[in-house]
Amino acid sequence: MKEIGSEFSLSEDHNYYFKKLMKIGKKVQFLRCGRDAIGYLTDFLQKKTEIVLIPSYCCDSMVEPFIIRGWRVVYYSINSDFSIDVNYLQSLIKKMNPDVILVMNFFGISNTINAVNIIKKDNPTIQIIEDITHILFDIDKLFSQQVDYYVGSIRKWIGIPDGAIVISNNNKIPDINYVENDFVNLRRTGLNLKEDYLHTNSQTTKILFRKILLEAENSLEKGKIPYCISPESQSILQNLNAASLKKARKWNTITLLKKLKTIPQISFPINIDRIYENTPFSIPIFISNRDKIQKEMAENGIYAAVLWPLSEEARKISPASEEIENTILSIPIDQRYDFADMDNIFNVIKKIMSS
């Protein structure tokens with residue numbers, strides 16, 4: 001049985017996407033992970049109130065780097081289509097006078113540009129950070145002068161031991177040197193073991209690589225000490241074939257999304273067709289009995305992630321966020337797979353839904 005989803009094995013692809021990104025902002029810095037990227041930024045952001053506004057639908061790695069540095073995190077509401085509730089955000093800005101607002105274009109379908117323009121027009125000194133993890137391979141065309149800093153996790157897209165990016169639009173940012181760390185060493189070992197597993201189907205190897213990759217995640221210091229990207233991952237990024245990656249993800253999405261729309265038990269964000277405008281990260285779907293469906297998919301070798309479990313405080317801010325959290329699955333469509341794999345995903349899901 002071919003497994004779909006979960007961690008990549010190590011990549012060896014060649015072209016030059018990230019070299020092009022080096023020319024976009026005033027400064028680009030590569031770090032170990034998204035948590036480190038936000039923590040690195042937070043260390044030199046301009047501070048008065050030390051209040052940051054963060055979307056109510058978010059990953060804990062977007063929140064913790066601020067909290068451990070003493071910032072006050074205040075959540076703002078998002079809508080059921082993942083867009084920013086601009087009226088809510090504007091009222092919160094007047095009330096809280098934040099130093100920073102973090103935004104995110106979720107799954108490439110919740111365009112943030114209009115909201116950012118509105119924020120900056122009335123509040124030009126507020127520093128805007130945009131998390132580009134879900135639009136990483138389109139930031140060259142979506143780049144806005146109104147965003148002060150971009151951050152994104154790279155290792156969610158390709159097989160590298162570590163990797164995240166910070167792009168500064170308005171300010172120079174300091175260099176950071178590489179230091180050997182447990183996270184990179186464990187990730188390197190775990191990804192190599194996964195490559196072995198994909199060729200041998202050894203269940204012993206599977207258990208081992210999953211154990212090691214979990215140890216790697218647990219070794220992170222929650223962004224308290226930001227680390228530079230490893231030389232190995234930097235080398236991979238400098239020679240990354242973005243063209244083939246983008247093409248594969250788009251065609252896989254076209255193939256699978258059309259089929260998933262025929263399953264009546266599945267619903268989608270109302271703006272799901274915007275996913276075709278950018279390089280897809282994954283396909284978000286909404287289903288009842290989500291946990292049961294996810295478990296049965298995994299039993300068939302298809303690993304669909306839940307993005308993300310939320311804090312109780314975030315749930316209270318936005319009923320839409322809580323509904324998304326309870327029903328969402330992120331279906332993999334990445335460059336490791338082809339049309340046959342998309343057919344397999346569809347057939348497995350259809351069978352589960354019919355049973």
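Nothing fancy with the numbering, it's 1 onward along the sequence.
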- Query: Given the rule in the salt bridge (Lys or Arg N to Asp or Glu O under 4.0 Å) test, do Lys261 and Asp273 qualify, once you have shown the distances and angles that lead to the verdict?
  - Reply: CA-CA 11 Å; Lys261 285 181 176 180; Asp273 287 342; 2.7 Å; yes
- Query: Can you check whether Tyr303 reaches Pro332 side chain to side chain, under 4.5 Å on heavy atoms?
  - Reply: no
- Item | Ile176 side chain reached by Gln29 side chain, heavy atoms, under 4.5 Å | yes
- Message: Under a 3.5 Å distance rule, please check whether Asn111 uses its side chain to pair with a backbone N or O of Ile113 as donor and acceptor.
- Response: yes
- So CZ of Phe209 and CD of Glu195: to nearest 0.5 Å the spacing works out to 11.0 Å
- Does some side-chain heavy atom of Val63 sit less than 4.5 Å from a side-chain heavy atom of Tyr75? yes
- Message: Just so I know, are the side chains of Lys206 and Lys194 near enough to count as touching, which here means a heavy-atom distance under 4.5 Å?
- Response: no
- Message: Whether the Asn79 and Ser83 side chains hold a donor-acceptor pair (N or O, under 3.5 Å, no angle test) is what I'd like checked.
- Response: yes
- Answer with yes or no whether the side chains of Thr112 and Glu130 bring together a donor and an acceptor at under 3.5 Å. yes
- Taking atom types as modelled and ignoring hydrogens, do the side chains of Asp138 and Thr279 form a donor-acceptor contact shorter than 3.5 angstrom? yes
- Is Arg35 salt-bridged to Glu64, going by a charged N under 4.0 Å from an acidic O? yes
- Message: Check whether Ser355 reaches the backbone of Ile352 with its side chain - one donor and one acceptor, N or O, closer than 3.5 Å.
- Response: yes
- Side chains of Asp99 and Gln46: donor-acceptor distance under 3.5 Å anywhere? no
- Task: For Arg315, look at atom CZ and say whether over 12 heavy atoms of other residues, nucleotides or ligands are found less than 6.0 Å away.
- Result: yes
- Could you tell me whether Glu299 and Lys295 make a salt bridge, using a distance below 4.0 angstrom between a side-chain N and a carboxylate O? yes
- Inter-residue atom distance Asp196.CG - Leu191.CG, 0.5 Å rounding: 11.5 Å
- Message: Donor-acceptor check, side chain of Lys120 to backbone of Ile126, threshold 3.5 angstrom: yes or no?
- Response: yes
- Task: Keeping the roles fixed (side chain from Gln146, backbone from Asn117), state whether a donor-acceptor pair exists under 3.5 Å.
- Result: no
- May I ask you to decide if Tyr88's main-chain N or O and Asp85's side chain share a donor-acceptor pair within less than 3.5 Å? yes
- Task: Look at the rings of Phe339 and Trp251 and say which category their plane angle falls in: under 30° parallel, 30 to 60° tilted, over 60° perpendicular.
- Result: perpendicular
- Item | Sole residue of Val116, Asn123, Asn169, Val100 in side-chain contact (heavy atoms from CB on, under 4.5 Å) with Ile128 | Val116
- Query: Do NZ/NE/NH1/NH2 and the carboxylate oxygens of Arg188 and Asp162 come within less than 4.0 Å?
  - Reply: no
- Can you tell me how far the CD atom of Gln294 sits from the CG atom of Asn289, to the nearest 0.5 Å? 12.5 Å
- Query: Can a salt bridge be assigned to the pair Arg32 and Glu217 using a cut-off of 4.0 Å between side-chain N and carboxylate O?
  - Reply: no
- Message: For Lys259, is there an ion pair with Asp343 - N to carboxylate O distance below 4.0 angstrom?
- Response: yes
- Report the relative orientation of the aromatic rings in Phe106 and His134; use parallel for angles under 30°, tilted for 30 to 60°, perpendicular for over 60°. perpendicular
